Colleague: 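Below you'll find the structure I mean.
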Amino acid sequence: MKVLEFKKGQVIASRSDKVMEWYLIQKGSVLQKFELVDIELEANSIIGILEMGWFICDYVAKEDTTLIVIPCKDATDLQKILSTYQNFRPLFLRAAIMQRHKTFGLYSQLSTKCYMLHSYTERFYTEYSEIALENMVPERTFPKIENFEPIQMAHKAADWEIHSSNSLVGTYFTEYMQLMMKDEALCMGAIMEASAQMRRVTQGIEEMVNYLMFNKDLLFTESEDDLFHLIYELATVLHAEGKSTDRIKDTLNRLIDLMKKLGLYTKGQVGTCEHLNENYGQSAGKKEHFDVTKIDCVEHIMKYAGYTAEEAQAYKKDLDDFREIPDKSSLEPEQFQIKKRLTKTFYAIYEKAFLRSVREQEELDPIMMMFFNFGFMDVDYLGEDKIGSLVSLAERMSFFKSSYVLTAYDWLVKIYRGEEEPSRSELDMDYNQYLLDEKRNGRITAEQMAKLKDDQEQKVIFEIQNMFTSGHRITYGRVTSFMPVLSGEEMMSSIEKMSVTAEKVKDAINEVRHVDYQAFYHDVQFSDPEHGINAETFKKEILPYVILMPTVGSKGMMWQETAGIRSATEGRFLLPIFSSMDLNEQMIEMVARYRWEFCKHVMGVRWNDIREKSLTAEYSDYLQFYKKNHDLSQEAREKVKSQLTRAKNSYREVFVKDYVNWLKFEAKGGFRLNKVSRNILVTYCPFAADIRAQLNLNPMYENAFRKLNAENIKAEQRLNTLYDRYEKAGGEITAEFKENLKFYQM
């Protein structure tokens with residue numbers, strides 16, 4: 001078996017990578033990383049044994065580490081290995097039992113911390129209220145506490161499982177191992193049972209980590225809108241009035257002690273709290289509490305953007321008038337004009353405020369954060385019952401960010417910095433084409449065009465006036481009643497539940513990738529003549545950017561399949577940052593449109609030319625000539641006719657509906673497609689290997705799967721030969737090489 005060497009700090013496997021093999025730690029140690037905590041895997045531990053399909057965590061070498069590659073990714077592979085290499089049985093079983101035990105241990109610790117965070121926070125707030133009442137000091141509102149609930153987990157470990165693991169490892173481990181080794185089925189079952197438990201418990205650990213990270217600001221945050229500073233303010237008042245602070249000092253000491261036990265805060269943060277608790281009234285430069293409900297937010301935002309107080313009051317009046325309109329989609333002239341003014345001015349405000357924010361590069365206050373990221377402008381329009389949750393969310397913007405998920409504001413920042421080019425407009429013109437059109441129509445000169453090409457502010461303005469405004473309206477979902485200011489009336493659930501976090505987006509994308517593994521793979525060219533490769537086409541997965549639009553909405557949008565002319569670039573998907581839709585279903589539809597448009601992009605003018613075989617060409621041919629297709633029954637033809645009617649003769653939209661059925665039903669053995677559409681999809685959007693294995697005996701798929709498997713084996717053999725030759729010539733087998741090989745194993 002192959003041996004791999006990793007230096008300290010090197011990533012062995014990344015979260016959300018496809019599990020194609022397991023790794024036995026022969027020497028050294030590896031950290032199984034969560035955001036807050038790690039599990040250390042020592043020698044004879046196995047990376048991958050708890051996963052199914054995707055790596056749940058990042059795995060990073062804690063020290064220089066040697067791994068043995070185990071050609072195993074599921075129960076079928078494991079059974080073959082244990083039958084072939086019987087000496088592996090005790091090794092694998094021991095690893096499964098001990099790793100499960102460690103996982104249970106971490107689960108228990110985090111479960112205790114989640115309970116402590118909630119129960120003690122509630123208790124401290126009650127003590128604050130009691131002390132304020134006893135001393136006749138007015139309470140300050142703390143909206144964050146109103147929506148703070150105990151953790152609700154989808155992946156739990158029962159107490160009996162943890163107790164059972166403790167007894168097994170602590171007392172009966174030797175006897176258990178001897179019993180399991182007596183029978184191959186028992187050994188296999190014990191390993192897979194431990195693996196399944198680890199997987200569930202690890203997902204539970206992730207839930208608890210997210211809960212702790214999301215709610216840690218309740219106790220302490222740099223903005224000082226937290227329970228510590230709330231109680232501390234009361235302590236300074238009592239101290240100034242010469243009243244006893246013994247009880248409140250005790251409360252703060254216990255709060256600081258909780259911060260230490262939770263391990264969520266830096267030493268500096270804990271030290272700050274300890275210093276303040278010993279020195280009432282000596283916190284020079286303490287930030288003033290920012291109470292959004294006591295500020296005219298419309299005036300605050302518009303003043304930031306350069307508007308006068310009179311202009312702000314006029315906008316506020318329009319907002320108040322619009323809020324009173326029962327039918328927000330009304331086309332009555334007066335009501336329509338109000339909405340038109342509100343909408344037009346909103347984008348003008350956004351543009352001016354954004355440009356000021358990036359020019360000055362100062363830290364944004366909570367109101368501007370909420371405006372830029374959520375579309376918030378007015379407490380009354382949102383609803384006072386929701387403002388606390390929104391402010392709290394604005395302090396947790398990291399939950400809306402990942403390597404490919406970002407808010408609309410952060411997306412515009414990337415364009416301003418020149419990290420990305422603006423998106424195409426609704427007229428399908430990119431920024432340079434737009435400038436050329438402006439010059440052609442005499443609106444700018446050649447000199448102006450040359451200057452504007454590198455003007456980052458103008459690029460941002462182009463993006464706001466095109467993708468941003470259109471995407472904002474589309475993701476809202478109901479064009480006739482759309483208004484860009486964030487409204488509480490649209491929120492059918494709590495703000496927290498409707499939030500589209502990066503974690504939720506990742507899960508939705510992975511649901512698609514688990515079935516349609518080729519969805520985001522692009523062809524990239526590789527050349528290294530010095531080491532024997534003149535031109536080779538590699539498969540590389542390039543996930544799209546997912547941009548979260550500042551609205552409550554019900555629709556996702558595949559805005560752009562690539563960043564420009566080059567195919568090997570990120571697409572651009574749009575989602576509302578607060579969603580009332582099923583995110584998984586919307587993601588499938590967006591990927592379907594991405595699939596279609598990406599194929600058109602690659603094929604160019606030949607996208608519907610049946611002589612050049614492609615997804616779009618074959619689907620176009622099928623839908624254009626379905627009436628004459630002898631592979632379709634009369635009933636099937638009628639259904640195709642109905643599909644085309646409902647899709648207004650859009651071939652793409654017919655494909656989208658078929659693709660949704662392909663992933664949701666056909667992947668599970670439920671038939672929804674006709675013979676022709678199924679054959680096209682099985683060719684261009686094949687299922688992942690584990691799903692193919694489950695459906696392999698079905699005659700509807702058998703031939704296509706056999707052909708695909710044969711082609712993959714042939715490609716894999718060719719690549720192994722190529723890689724061996726390349727390595728012998730002095731070339732380095734990089735991560736890109738490995739990913740290319742994995743493509744043909746999926």
Side-chain angles (χ1 to χ4, degrees), residues 423-430 467 470-471 473-475 477 479 508-509 512 515-516 518-522 544 546 554-563 565 567 569-575 581 584-627 629 632 636-637 639-667 672-686:
S423 308
R424 295 195 294 266
S425 69
E426 279 196 304
L427 299 176
D428 205 32
M429 285 194 295
D430 64 23
M467 184 283 280
S470 298
R473 184 179 68 253
I474 292 167
T475 54
V479 177
I509 283 185
V512 176
V515 182
D516 180 9
Q518 294 186 6
F520 300 111
Y521 272 89
H522 297 206
V546 180
S554 59
K555 189 172 178 60
M557 176 71 175
M558 196 293 293
W559 185 265
Q560 200 166 308
E561 69 282 357
T562 62
I565 297 173
S567 298
T569 51
E570 298 90 346
R572 295 170 187 182
F573 290 9
L574 311 180
L575 285 170
M581 62 187 174
N584 288 341
E585 296 215 356
Q586 281 298 312
M587 186 60 70
I588 295 173
E589 287 192 18
M590 287 193 292
V591 174
R593 292 186 177 89
Y594 171 82
R595 275 287 210 166
W596 183 271
E597 295 300 331
F598 185 75
C599 182
K600 283 182 68 176
H601 177 92
V602 171
M603 299 304 296
V605 295
R606 305 185 309 279
W607 72 270
N608 61 352
D609 187 344
I610 193 61
R611 292 171 299 180
E612 298 279 347
K613 296 289 186 181
S614 71
L615 170 66
T616 51
E618 293 208 39
Y619 236 87
S620 298
D621 184 69
Y622 147 58
L623 293 172
Q624 187 176 358
F625 301 109
Y626 76 92
K627 292 179 182 177
N629 196 321
L632 296 174
R637 291 174 194 173
K639 286 184 177 179
V640 175
K641 180 181 178 181
S642 176
Q643 278 185 293
L644 283 165
T645 301
R646 290 197 302 272
K648 299 178 182 178
N649 285 318
S650 167
Y651 292 172
R652 183 187 73 171
E653 292 310 303
V654 173
F655 166 74
V656 168
K657 296 299 181 188
D658 285 347
Y659 183 88
V660 170
N661 285 326
W662 180 244
L663 262 67
K664 286 180 64 179
F665 300 106
E666 297 257 342
R672 294 291 190 279
L673 307 182
N674 61 49
K675 180 180 179 181
V676 179
S677 58
R678 182 179 295 112
N679 285 342
I680 298 173
L681 280 160
V682 80
T683 301
Y684 294 102
C685 307

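Computed from a prediction, not measured in an experiment: that's the story for all the values here.
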Colleague: Run the side chain to side chain contact (heavy atoms under 4.5 Å, CB included) check on E585 and V660 step by step: do they pass?
Modeller: CA-CA 8 Å; E585 296 215 356; V660 170; 5.8 Å; no

Colleague: Given the rule in the side chain to side chain contact (heavy atoms under 4.5 Å, CB included) test, do L632 and K639 qualify, once you have shown the distances and angles that lead to the verdict?
Modeller: CA-CA 10 Å; L632 296 174; K639 286 184 177 179; over 6 Å; no

Colleague: What is the distance from atom OG1 of T569 to atom NE2 of H522, rounded to the nearest 0.5 Å?
Modeller: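 The distance works out to 7.0 Å.
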
Colleague: Could you tell me which residues satisfy salt bridge (Lys or Arg N to Asp or Glu O under 4.0 Å) with K641, sequence neighbours excluded, listed by chain and number?
Modeller: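 In terms of salt bridge (Lys or Arg N to Asp or Glu O under 4.0 Å), with neighbours along the sequence ignored, K641 is linked to no residue.
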
Colleague: Shortest non-hydrogen contact from A563 to R572?
Modeller: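 Residues A563 and R572, closest heavy atoms: CB-NH2, 3.7 Å.
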
Colleague: In Å and rounded to the nearest 0.5 Å, what is the CZ to CG distance from R678 to N661?
Modeller: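 Interatomic distance, R678 CZ to N661 CG, rounded to 0.5 Å: 10.5 Å.
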
Colleague: Report the residues that fulfil side chain to side chain contact (heavy atoms under 4.5 Å, CB included) with T683, sequence neighbours left out, ordered by chain and then residue number.
Modeller: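 Checked T683 against side chain to side chain contact (heavy atoms under 4.5 Å, CB included); zero matches.
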
Colleague: Among residues at least two apart in sequence or on other chains, which ones pass salt bridge (Lys or Arg N to Asp or Glu O under 4.0 Å) with R652?
Modeller: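 R652 satisfies salt bridge (Lys or Arg N to Asp or Glu O under 4.0 Å) with E597 once adjacent residues are dropped.
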
Colleague: Would you indicate whether the side-chain heavy atoms of W662 and V515 approach each other to under 4.5 Å?
Modeller: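 With C-beta onward as the side chain, the pair stays apart.
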
Colleague: Given the rule in the side chain to side chain contact (heavy atoms under 4.5 Å, CB included) test, do Y651 and N608 qualify, once you have shown the distances and angles that lead to the verdict?
Modeller: CA-CA 11 Å; Y651 292 172; N608 61 352; over 6 Å; no

Colleague: Within the 4.5 Å heavy-atom criterion, are F520 and P544 side-chain neighbours or not?
Modeller: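 Yes. Closest side-chain heavy atoms under 4.5 Å.
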
Colleague: Hey, is the main chain of K675 close enough, under 3.5 Å, to the side chain of N679 for a donor-acceptor pair?
Modeller: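 Checked: pair present.
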
Colleague: Is there a side chain to side chain contact (heavy atoms under 4.5 Å, CB included) between L663 and V591 once you walk through the steps?
Modeller: CA-CA 11 Å; L663 262 67; V591 174; over 6 Å; no

Colleague: Calculate, to the nearest 0.5 Å, the distance between atoms NZ and OG belonging to K657 and S677 respectively.
Modeller: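 Interatomic distance, K657 NZ to S677 OG, rounded to 0.5 Å: 15.0 Å.
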
Colleague: Which heavy atom in S554 sits nearest to a heavy atom in G477, and how many Å separate them?
Modeller: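 That would be OG-CA, 3.6 Å.
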
Colleague: Which distance, rounded to the nearest 0.5 Å, do you find between the OG1 of T616 and the CD1 of I610?
Modeller: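 Answer rounded to 0.5 Å: 9.0 Å.
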
Colleague: The criterion is ring pair (Phe, Tyr, Trp, His ring centres under 6.0 Å); which residues satisfy it with F655, sequence neighbours excluded?
Modeller: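 F655: ring pair (Phe, Tyr, Trp, His ring centres under 6.0 Å) contacts with W596, Y619, Y659.
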
Colleague: Tell me, please, which residues at least two apart from E653 pass salt bridge (Lys or Arg N to Asp or Glu O under 4.0 Å).
Modeller: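 Result, salt bridge (Lys or Arg N to Asp or Glu O under 4.0 Å) vs E653: R593.
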
Colleague: What's the shortest heavy-atom distance between V676 and N674, and which atoms?
Modeller: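 So the minimum-distance heavy-atom pair works out to N-OD1, 3.1 Å.
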
Colleague: Please give me the minimum heavy-atom distance between G556 and M581, naming the atom from each residue.
Modeller: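 Shortest heavy-atom contact: N-SD, 3.9 Å.
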
Colleague: Output yes when a side-chain donor or acceptor of E666 lies under 3.5 Å from a complementary backbone atom of L673, and no otherwise.
Modeller: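 Confirmed, E666 side chain pairs with L673 backbone.
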
Colleague: Hey, what do you get for CD (Q518) to CG (D516), rounding to the nearest 0.5 Å?
Modeller: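 Result: 7.0 Å between the selected atoms.
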
Colleague: Please report the interatomic distance CD1(I588) to CD(Q586), rounded to the nearest 0.5 Å.
Modeller: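 Rounded to the nearest 0.5 Å, the CD1-CD separation comes to 10.0 Å.
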
Colleague: Can you list everything that forms a salt bridge (Lys or Arg N to Asp or Glu O under 4.0 Å) with R424? Sequence neighbours excluded, please.
Modeller: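 Only D428, E561 meet the salt bridge (Lys or Arg N to Asp or Glu O under 4.0 Å) criterion with R424.
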
Colleague: Of the options K613, R611, R606, which is the one that meets D609 in a side-chain hydrogen bond (donor to acceptor under 3.5 Å, both in side chains)?
Modeller: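 Among K613, R611, R606, the one meeting side-chain hydrogen bond (donor to acceptor under 3.5 Å, both in side chains) with D609 is R611.
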
Colleague: Shortest non-hydrogen contact from M590 to M557?
Modeller: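 Residues M590 and M557, closest heavy atoms: SD-N, 3.3 Å.
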
Colleague: Would you name the heavy atoms of S567 and T562 that are closest together and state the gap between them?
Modeller: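 Taking every non-hydrogen atom into account, O-CG2, 3.7 Å.
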
Colleague: Could you go step by step and tell me if Q643 and D658 meet the side-chain hydrogen bond (donor to acceptor under 3.5 Å, both in side chains) rule?
Modeller: CA-CA 10 Å; Q643 278 185 293; D658 285 347; 2.9 Å; yes

